[in-house]
Amino acid sequence: ISRTTIWKAGRTDISVVSLSMLSDMVSAIPLLSMAMPAEAAQKVIVLPIENDIDTGLSFFLQRQIRRAEKEEVSAVILQINSNGGLVTAAQEMKDALLKSKVTTIAHVKGRALSAAALIAISCHKIYMEPGSEMGAATPITLVGDGVKAAEPKFVSAFKSEFGAAAEARKREPKIAEAMVDPNHDTIEGLCPKGEIMTLTAEKAFDHGYCDRIVTSLEAVLRASSLENSEIIQEAPSSTEVIVRYITKPGIGSMLFTIG
C-alpha cells in the first residue's frame, strides 16, 4: 500500500510538474506574441515640383531623397506642374533621382515641360493626369528682353542628358531626345521630322512614357500598391524658399523652359 501510495504520490507530483510546465509554456505564448515587434507602416513622401525649376527646388528634392533613404521610406512622389527652368538645377535633380535608392514616382498634374520633363523621365515611374503633357525641352538663353536659341553644342549635350535619363529608366531614348532637338527622323505616330516632341498623357502611355493615367494622388497610391501608407506632405524650407527667390532665372541663364 505504501509503495502504491508513494507511486501515486510520485505520479501526482510528476503530473503536477508537467501540468505546471505546460501551463507556463502556454502562458508564455501570448507574451512572446506580444513581444514581437509590430510591422512598420509604409511611408510615402509627397513633394510639390511646381513653377520654376531652380536651385532652391533642387536643394529641396535632394534633401528629401536623402531623408527618404535614411528613414527607409517606401516611395517619394513628385507632383509636377512646371513649364521648366534652370538647366543646372534640372541636371542636379536628374542626377539625384537616378541615384536614388528609394522608388521615385512622377505624378504629372498638368505640365512637365522642358526642365520638368527631364525630372519626370528620371523617375522610376510616371503617372499622368488626363490633359497633362510632357516634353518641349529645347534649351534657350535669356538675352535682354528676349531669348535666343542655345548653341548647337549645348543642344547636343542636353539631348544626351534626356536620352541617358530615358535609357536608365528603360524608356525609348529617341523619344526623349526628340523633346530637345528637332533634328530627328520622323517618329511614327508621335512627331514629324523637324518638330519638337511633346507627349499628351495618352501618347505617353502608348509609348512607355506613362505607366498609368490617373485622376488623383489616391489613384497614384493605389496603382503603386501604397494606398495604406502614411502620407507625408512636404514643402521647401524657409531657407530653400529664399534660395528659390534669389536664384530665379535671370539674364544670361541657360534654360529649359517655354519662351
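In what follows, residues are counted from 1 in the order of the sequence shown.
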Go through the steps for Q64 and Q62 under the test side chain to side chain contact (heavy atoms under 4.5 Å, CB included), then give the verdict. CA-CA 5 Å; Q64 292 299 332; Q62 293 178 67; over 6 Å; no
Give a yes or no on whether [X] and [Y] share a hydrophobic cluster (residues Ile, Leu, Val, Met, Phe, Trp, Tyr; joining criterion: side-chain heavy atoms under 4.5 Å apart).
X	Y	value
I53	L97	yes
L47	L57	yes
I175	V108	yes
L190	M179	yes

Check whether any side-chain heavy atom of [X] lies under 4.5 Å from a side-chain heavy atom of [Y], and answer yes or no.
X	Y	value
L221	I231	yes
S224	Y127	yes
L78	L61	yes
H124	R169	yes
I45	I77	no
D185	I187	no
I232	V46	no
S122	L118	yes

Ignoring hydrogens and angles, tell me if any N or O in the side chain of [X] forms a donor-acceptor pair with the backbone of [Y] under 3.5 Å.
X	Y	answer
D52	D54	no
S82	G84	yes
T55	A89	no

Please find the pair of heavy atoms, one from [X] and one from [Y], that lie closest to each other, and give the distance.
X	Y	answer
A136	S114	O-OG, 2.6 Å
V76	A68	CG2-CB, 3.6 Å
V73	A75	CG1-O, 3.2 Å
G163	P173	O-CB, 3.6 Å
M134	A117	CG-CB, 4.0 Å

State plainly whether the residues K43 and E72 are in salt-bridge range, i.e. N to O under 4.0 Å.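 Salt bridge between K43 and E72, a charged N being under 4.0 Å from a carboxylate O: no.
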Please determine whether a side-chain nitrogen of the Lys or Arg among R67 and E234 lies less than 4.0 Å from a carboxylate oxygen of the Asp or Glu.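 Answer for the salt bridge query: yes.
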So, taking the atom named [atom1] in [X] and the one named [atom2] in [Y], what distance separates them when rounded to the nearest 0.5 Å?
X	Y	atom1	atom2	value
K159	T138	NZ	OG1	11.5 Å
E129	S132	CD	OG	7.0 Å
E240	F60	CD	CZ	6.5 Å
I121	E161	CD1	CD	11.5 Å
F162	D181	CZ	CG	11.5 Å
M93	L98	CE	CG	12.5 Å

With S100 via side chain to side chain contact (heavy atoms under 4.5 Å, CB included) - residues at least two apart: I65, E69, V102, T104
Let's go through L226 and S74 carefully: what are the C-alpha distance in whole Å and the side-chain angles of both, what is the deciding distance for side chain to side chain contact (heavy atoms under 4.5 Å, CB included) to 0.1 Å, and is it a yes or a no? CA-CA 8 Å; L226 294 168; S74 298; 4.0 Å; yes
Matching residue for S58 among E92, K94, Q91 - test: side-chain hydrogen bond (donor to acceptor under 3.5 Å, both in side chains): E92
Residues 191-214, side-chain donor-acceptor partners within the protein, below 3.5 Å, at least two apart:
unit_1	atom_1	unit_2	atom_2	d
T200	OG1	K203	N	3.1
H207	ND1	K203	O	3.0
Y209	OH	E172	O	2.4
Y209	OH	A176	N	3.4
D211	OD2	I126	N	2.8

Please lay out, stage by stage, how I80 and I119 fare under the test side chain to side chain contact (heavy atoms under 4.5 Å, CB included). CA-CA 9 Å; I80 300 173; I119 292 163; 4.2 Å; yes
Tell me whether E227 at atom CD has more than 12 heavy atoms from other residues, nucleotides or ligands lying less than 6.0 Å away.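 Enclosed: over 12 neighbouring heavy atoms sit under 6.0 Å from CD of E227.
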Step by step, work out the side chain to side chain contact (heavy atoms under 4.5 Å, CB included) result for H184 and E177. CA-CA 8 Å; H184 59 79; E177 291 170 353; over 6 Å; no
